[in-house]
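In the text below, chain A, chain B and the rest are named by the order of the sequence lines, each starting its count at 1.
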2 protein chains.
Amino acid sequence: MASIKDVAAAAGVSVATVSRVLNEHPSVSADARTRVLAAVADLGYRPNAVARSLRTDQTHTLGLVISDVMNPYFTELARSVEEEARALGYSVIIGNADERPDLQDHHVRNLLDRRIDGLLVSPTDGGSPLMLDAVRAGTPMVFVDRWIPAVDVPVVRADGRAAVRDLVAHLYGLGHRRLAIIAGPAATTTGSERVEAFRAALAEYGLPLPDAYTGQGDFQAESGRRVTEGFLDLPEPPEVVFAADNLMALGALDAVRARGLRVPDDLALAAFDDIPWFVHTDPPVTAIAQPTGELGRAAVRALVDRIEGRTPTSVTLPARLVVRRSCGEPPTPTPSLSPVQRSTSVQRSTS
Amino acid sequence: MASIKDVAAAAGVSVATVSRVLNEHPSVSADARTRVLAAVADLGYRPNAVARSLRTDQTHTLGLVISDVMNPYFTELARSVEEEARALGYSVIIGNADERPDLQDHHVRNLLDRRIDGLLVSPTDGGSPLMLDAVRAGTPMVFVDRWIPAVDVPVVRADGRAAVRDLVAHLYGLGHRRLAIIAGPAATTTGSERVEAFRAALAEYGLPLPDAYTGQGDFQAESGRRVTEGFLDLPEPPEVVFAADNLMALGALDAVRARGLRVPDDLALAAFDDIPWFVHTDPPVTAIAQPTGELGRAAVRALVDRIEGRTPTSVTLPARLVVRRSCGEPPTPTPSLSPVQRSTSVQRSTS
DNA sequence: GCGAATCGTGTAATCGATTCCACGAGGATC
DNA sequence: GATCCTCGTGGAATCGATTACACGATTCGC
């Protein structure tokens, strides 16, 4: 593979001049420039990004460590992150932690070794020494979706509290009183926050959230199945299950179906995180939708701000409830009362 | 960030010795080794992968350029690729082409500039000059899922012909005679192959595949919707639609639902690529399942074989039909005739 | 017409590693 | 006791870029 020396030789100039042409440095004669450009085209020369990075100490690369690529929510997040990064002239290397702290550390270490310019993390746990060291060492970092409390790093996330309140109102309105939740790992902010928001919303209606109705999941489908089976085995099973992410909702659907039961007749279901498939499940699933694309883009902008010396800011965007049929038949909307008039944060799905 | 010089200074040895310790070169005294290791731990030193790559001319990184990350099939592929690569000591940088040749080229160029050790590609088109040049220049490359004919690169893929034949047999058995297909882009091998396999299987039953029943899609949901609407507008619409990938099947489902029609009563549906959500759609979708994880792992092994000087081999694995309810009620299986006895390649879904 | 400013260019240092080569100390061989 | 290995080590070249600095050639001002 041709190097800058070959180009210099072919153009009859020094490597410095070639470098200047490539970096659009002003002081190069038109003559030299055309000769260099010709040589570049001729040899099919492409600058070695590795050498360039070593010299300039920047890789124009962002690391993205997410909890689980197979989760459609994170897939979409990753996609929007890559798009925005590309628009700003950066590449992205994705590390999939699979909800495992050790894997998360593996990827963080790997990315740090590669001298990425900045790190976007959706932490799987409360923060390993490695990650805390990286922050302390001044690695540009931004948390997205989940974060680690007491660490001074900008956070880009959605606030689901209002939407959870809307959800509980919706459930209460349908007559449900025994509501259960499949929570995520308590070590994650999204894991504990969603339970808290749910509990607080229930309290507004004077409803309790007994321990028996708080199942411990891990954001993976299998745990949703397991917890739901536990609920169904209870002497008095809940009437509704609220899954704290879409994969656990899938697991719950599996569990209900495996017993030959029906959603929502035997057990109603709602989920955090909306995905295209929820429109087509049987029944369509009522879910809380995050502005995923916006989150990814805002996170990249915050990180690049930090990298390029500007001051990054945390961003919190609202999530919103999307009502479908998995919690019971919604009242048919009357023409005189459009969804918009009912509530600004509740959207009735058109499906 | 500490460099090898700092470690050398702290340990009172030369950088050469530090490097030897780090690379487990035998000729280092026990004394020097312990001093170096102590200095490394002390400074929290981590070798700079950029500098190492420049010197050794290897990055221990694989590039993976796929057509569409948002497609669950490719997400799973990417995940298995990363897992196997990690097991073999490589990292993976994913480039999402979004079914766009220009984006594909962008990523290939970017990965080449970064001097990745090898490239795994699922080509979006028939092969850009850039890609052909890369092959000619000797870049280790392996095609996965899709490939480019007449290019001498190992291919790892699934052969769906037998499964498509099983599907047509299944459809014919249910009484369907007017079968249509939503094809992928003709420029992709999977786009044209699946149509051909379908046409050939139909021919075995004396059924035609009229042009009006061959819709041109692009592997994205929107095209599935559009094509399906076209089918439904026909004077004599088909009885079944076979979508060449899961996203177009989702689009088809959308289109049917938007008209207030039912699957399979008004229009039956089958898809290439099985995904977990198909179990829970309304109705569950009959699909052809690829051994996705195996494909990803085999592709990585082939590529690493090539990189490390061994001879890589192409791999073709069989796909299999998974019958669900989207094509009509399947005959209830009789105890005396288990799925295994019926056909080795047809699996009756347990859902 | 002479000193100063400007412009284009090349030389060489540098980034952080790996690795070839040379060298000195010590042990084995005769 | 001289010679030859072996072993551990350091010096220095190298990978492919960027960039500070120096230098010669023009051009400008007065």
Completion exercise
What one should report as the nearest heavy-atom pair of B:Ile66 and B:Ala78 is CD1-CB, 4.3 Å

Problem - Strand-adjacent residues in residues 42-55 of chain A, judged by heavy atoms under 4.0 Å from DNA chain C - result: A:Leu54, A:Arg55

Handout entry: Audit row: A:Glu24, A:Arg33, salt bridge (Lys or Arg N to Asp or Glu O under 4.0 Å) steps and yes/no
Key = CA-CA 10 Å; A:Glu24 289 168 343; A:Arg33 162 168 287 115; over 6 Å; no

Handout entry: OP1 or OP2 of C:dA17 under 4.0 Å from side-chain N/O of B:Lys5
Key = no

Problem - A:Asn96 and A:Leu103, any side-chain heavy atoms less than 4.5 Å apart - result: no

Practice task
Could you tell me the separation between the CE atom of B:Met1 and the P atom of C:dA17, rounded to a whole number of Å?
Solution key: 10 Å

Practice task
For B:Ser53 and B:Arg115, test the side chains for any donor-to-acceptor distance below 3.5 angstrom and give the result as yes or no.
Solution key: no

Tabulate atom names and distances for all N/O pairs under 3.5 angstrom spanning the protein and nucleotides 6-12 of chain C.
residue	atom	partner	partner atom	Å
C:dT9	OP1	A:Ser29	OG	2.7
C:dT9	OP2	A:Ser29	N	2.7
C:dT9	OP2	A:Ser29	OG	3.1
C:dG10	OP2	A:Ser14	N	2.9
C:dG10	OP2	A:Ser14	OG	3.0
C:dG10	OP2	A:Thr17	OG1	2.8
C:dG10	O6	A:Arg20	NH2	2.5

Exercise for the section: Look only at the side chain of A:Thr139 and the backbone of A:Val135, and say whether a donor-acceptor pair between them is shorter than 3.5 Å. Expected result: no

Exercise for the section: Would you indicate what B:Asn23 reaches in the nucleic acid, counting non-hydrogen atoms under 4.0 angstrom: base, sugar-phosphate, or nothing? Expected result: sugar-phosphate

Problem - Side-chain (B:Asp6) to main-chain (B:Ser3) donor-acceptor, under 3.5 angstrom - result: yes

Could you pull out the protein-nucleic contacts involving nucleotides 23-27 of chain D (nitrogen or oxygen on both sides, under 3.5 Å)?
none

Practice task
Can you tell me the distance, in whole Å, between the CG atom of A:Asp57 and the P atom of D:dT19?
Solution key: 12 Å

Problem - B:Asp125 and B:Gln104: side chain donor to acceptor below 3.5 Å - result: yes

Completion exercise
Students should find that the end-to-end axis angle of the helix from C:dG1-D:dC30 to C:dC30-D:dG1, with five pairs defining each axis and rounding to 10 degrees, is 50°

Exercise for the section: Sort and list the pairs that fulfil ring-ring contact (aromatic ring centres under 6.0 Å, His included) and have at least one residue in residues 118-147 of chain B, not counting sequence neighbours. Expected result: none

Exercise for the section: For A:Thr56, report the nucleic acid contact type (base, sugar-phosphate, nothing); a contact means any heavy atom under 4.0 Å. Expected result: sugar-phosphate

Practice task
Return yes if a side-chain donor-acceptor contact under 3.5 Å exists between A:Arg114 and A:Asn110, otherwise no.
Solution key: yes

Handout entry: B:Leu77 side chain reached by B:Gln290 side chain, heavy atoms, under 4.5 Å
Key = no

Practice task
Could you tell me whether B:Asp31 atom CG has more than 12 heavy atoms of other residues or ligands within 6.0 Å of it?
Solution key: yes

Exercise for the section: Please report the closest heavy-atom contact between A:Met131 and A:Ile148, naming both atoms and the distance. Expected result: CE-CD1, 4.1 Å

Problem - Atom pair distance, as rounded to whole Å: CD1 in A:Ile4 and C1' in D:dG16 - result: 7 Å

Fill in the blank from the handout: residues 26-62 of chain B vs ring-ring contact (aromatic ring centres under 6.0 Å, His included), sequence neighbours excluded, gives B:His60-B:Tyr90

Fill in the blank from the handout: Rounded to whole Å, CD of B:Gln58 lies from C1' of C:dT19 at a distance of 14 Å

